[in-house]
Amino acid sequence: MLVEQARTLSRSGMKKHLRVLPMYAGLPASEQMKVFERISHGVRKVVVATNIAETSITINGMSFVIDCGFVKLRAYDPKRAIESLVVVPISQASANQRAGRSGRNRSGQCYRLYTEEDFHKLPPSTVPEMQRSNLSPVILQLKALGIDNVLRFHFLSPPPAQSMVQALELLYALGGLDKHCRLTDPLGVRMAEFPLNPMFAKMLLESGNFGCSAEILSIAAMMQIQKVLVIPPNQKSQAAREHRKFAVQEGDHLTMLNLFEAFIKFNKSSHWCQQHFLNYKGLMRAVTVREQLKKLLGKFKVPKNSSEGDPDPILRCIVSGFFGNAAKLHSSGVYRYILIGTDVC
């Protein structure tokens with residue numbers, strides 16, 4: 001919208017040219033660096049950013065900040081056992097932090113798209129991550145450290161009781177805890193050693209039994225990378241066409257496996273990634289993560305095997321860890337969680 005408006009204004013005789021740039025964590029590094037480039041006097045730089053610009057980076061020469069009053073926060077729903085990004089009003093602390101970005105190098109102004117009355121209604125600070133996260137990894141680590149009574153543990157920001165109960169139920173269902181809420185040996189102890197969500201740990205530890213540890217290692221590594229697919233705003237249709245080459249009806253996990261195997265097949269080529277609109281740095285990170293996970297599986301003597309192209313064992317193995325997220329197509333046309341019977345959003 002800003003680019004379109006800039007074109008209209010330039011046609012009507014506006015002397016200053018607008019350079020509109022996006023800024024968010026998943027943006028390729030080359031695109032991110034454009035934000036820090038110097039510009040000529042006849043150009044005004046406009047950066048459209050997520051809350052990465054609130055604390056993580058300082059862009060020289062910024063005189064004006066426009067604060068929309070909202071933020072996307074990672075939140076965990078204990079009922080559905082799903083983490084998602086939700087749009088919520090910012091806190092007063094975040095609003096003040098945003099205003100501070102306008103005067104880092106010279107005096108500036110912050111325009112807030114909400115009233116002073118609304119500002120005073122905002123929460124004083126952002127909800128601590130402990131109170132909006134999946135607690136199963138935290139509880140597993142506490143158990144591994146020998147803290148048995150996690151419900152009485154003195155958290156700096158005590159999490160909701162419902163989240164604690166759901167996390168304990170999940171760990172019990174995965175086999176990481178016994179009926180007395182003690183860490184099981186060997187499964188629970190081994191799960192605690194993985195630097196991953198317990199669901200991923202269970203899936204990896206079971207992969208040898210399903211005969212697909214090579215494929216599951218690749219899938220687990222790829223699922224740790226945030227942005228694998230690159231979709232440039234001016235090349236959306238070409239990117240979608242290239243990405244479809246890797247897609248399979250069995251689902252996203254198998255699509256990610258195809259991406260990773262193709263990347264290895266083409267000798268980890270950055271040029272190949274550019275051609276297929278893939279994040280080269282993200283895929284290289286997946287290669288590193290896979291090697292680390294492979295060492296852990298070797299330590300626990302999980303058999304090294306491959307399904308040789310058969311998707312069935314891979315899908316069964318994924319379900320062994322992620323059964324809590326299983327959903328079924330309802331007659332109304334929506335998917336419903338098998339465990340709790342609510343609609344998948």
Side-chain angles (χ1 to χ4, degrees), residues 136-137 140-141 143-144 170-178 183-229 245-270 272-273 276 278-326:
S136 53
L140 195 64
Q141 290 303 316
K143 293 280 183 185
L170 175 64
L171 289 170
Y172 175 69
L174 289 168
L177 299 178
D178 61 20
L183 206 61
T184 56
D185 194 1
L187 184 59
V189 175
R190 288 177 177 179
M191 280 167 66
E193 285 206 39
F194 278 88
L196 300 174
N197 186 303
M199 288 176 157
F200 278 110
K202 174 70 183 290
M203 177 182 78
L204 284 160
L205 290 166
E206 289 292 323
S207 61
N209 300 334
F210 286 95
C212 57
S213 60
E215 289 82 3
I216 290 295
L217 271 169
S218 302
I219 290 169
M222 287 293 280
M223 296 309 288
Q224 308 314 308
I225 312 305
Q226 272 192 325
K227 284 262 183 181
V228 177
L229 307 177
K245 292 177 182 177
F246 305 100
V248 286
Q249 65 176 15
E250 285 86 3
D252 293 347
H253 296 93
L254 273 292
T255 299
M256 288 295 160
L257 175 63
N258 288 345
L259 277 171
F260 185 82
E261 289 184 342
F263 179 62
I264 299 298
K265 183 183 172 183
F266 286 92
N267 301 314
K268 306 172 192 170
S269 162
S270 59
W272 179 84
C273 286
H276 294 84
L278 301 172
N279 182 354
Y280 172 70
K281 281 193 173 178
L283 285 163
M284 285 304 294
R285 170 87 182 123
V287 172
T288 308
V289 170
R290 190 184 187 278
E291 282 305 307
Q292 291 170 349
L293 296 175
K294 189 179 175 183
K295 284 176 187 173
L296 272 171
L297 288 192
K299 178 184 173 181
F300 299 134
K301 295 182 172 55
V302 173
K304 294 175 186 176
N305 42 38
S306 169
S307 67
E308 306 295 342
D310 183 4
D312 216 43
I314 301 169
L315 296 172
R316 287 174 185 271
C317 185
I318 292 168
V319 173
S320 74
F322 289 86
F323 52 83
N325 293 357

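By convention here, the first residue in the shown sequence is residue 1.
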**Request:** Specify whether Phe246 and Trp272 have parallel, tilted or perpendicular ring planes, treating 30° as the upper limit for parallel and 60° as the lower limit for perpendicular.
**Result:**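 Phe246 and Trp272: perpendicular rings.
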
Counting N and O atoms only, with roles assigned by atom type, does the side chain of [X] sit under 3.5 Å from a partner on the main chain of [Y], one being a donor and the other an acceptor?
X      : Y      : result
Ser213 : Pro303 : yes
Glu215 : Ile314 : no
Thr184 : Gly188 : yes
Glu193 : Val189 : no
Asn279 : Lys281 : yes
Gln141 : Ala192 : yes
Ser207 : Cys212 : no
Arg290 : Met222 : no

Please report the shortest heavy-atom distance between [X] and [Y], naming the atom on each side.
X      : Y      : value
His253 : Ile318 : CB-CD1, 3.7 Å
Pro313 : Phe210 : CB-O, 3.3 Å
Ala221 : Leu293 : N-CD1, 4.3 Å
Gly175 : Leu187 : O-CD2, 3.6 Å
Met199 : Gly321 : CG-O, 3.4 Å
Lys202 : Ser320 : CG-O, 3.7 Å

Would you give the length of the straight line joining atom [atom1] of [X] to atom [atom2] of [Y], rounded to the nearest 0.5 angstrom?
X      : Y      : atom1 : atom2 : value
Met191 : Leu174 : CE    : CG    : 4.5 Å
Thr255 : Leu229 : OG1   : CG    : 9.0 Å
Arg316 : Ser307 : CZ    : OG    : 12.5 Å
Ile264 : Ser269 : CD1   : OG    : 12.0 Å
Thr288 : Leu283 : OG1   : CG    : 11.0 Å
Phe194 : Arg190 : CZ    : CZ    : 9.0 Å

Would you call [X] and [Y] a side-chain contact if the rule is heavy atoms closer than 4.5 Å?
X      : Y      : value
Gln292 : Leu296 : no
Leu170 : Pro198 : no
Phe263 : Val287 : yes
Leu205 : Val302 : yes

**Message:** Quick check on Asp252: does its CG atom have over 12 non-hydrogen neighbours (other residues, nucleotides or ligands) under 6.0 Å away?
**Reply:**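 Count not over threshold, so no.
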
**Asked** Only one of Leu217, Ile219, Val248, Ile216 forms a side chain to side chain contact (heavy atoms under 4.5 Å, CB included) with Leu257, so which one is it?
**Response**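 Single pass found, and it is Ile219.
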
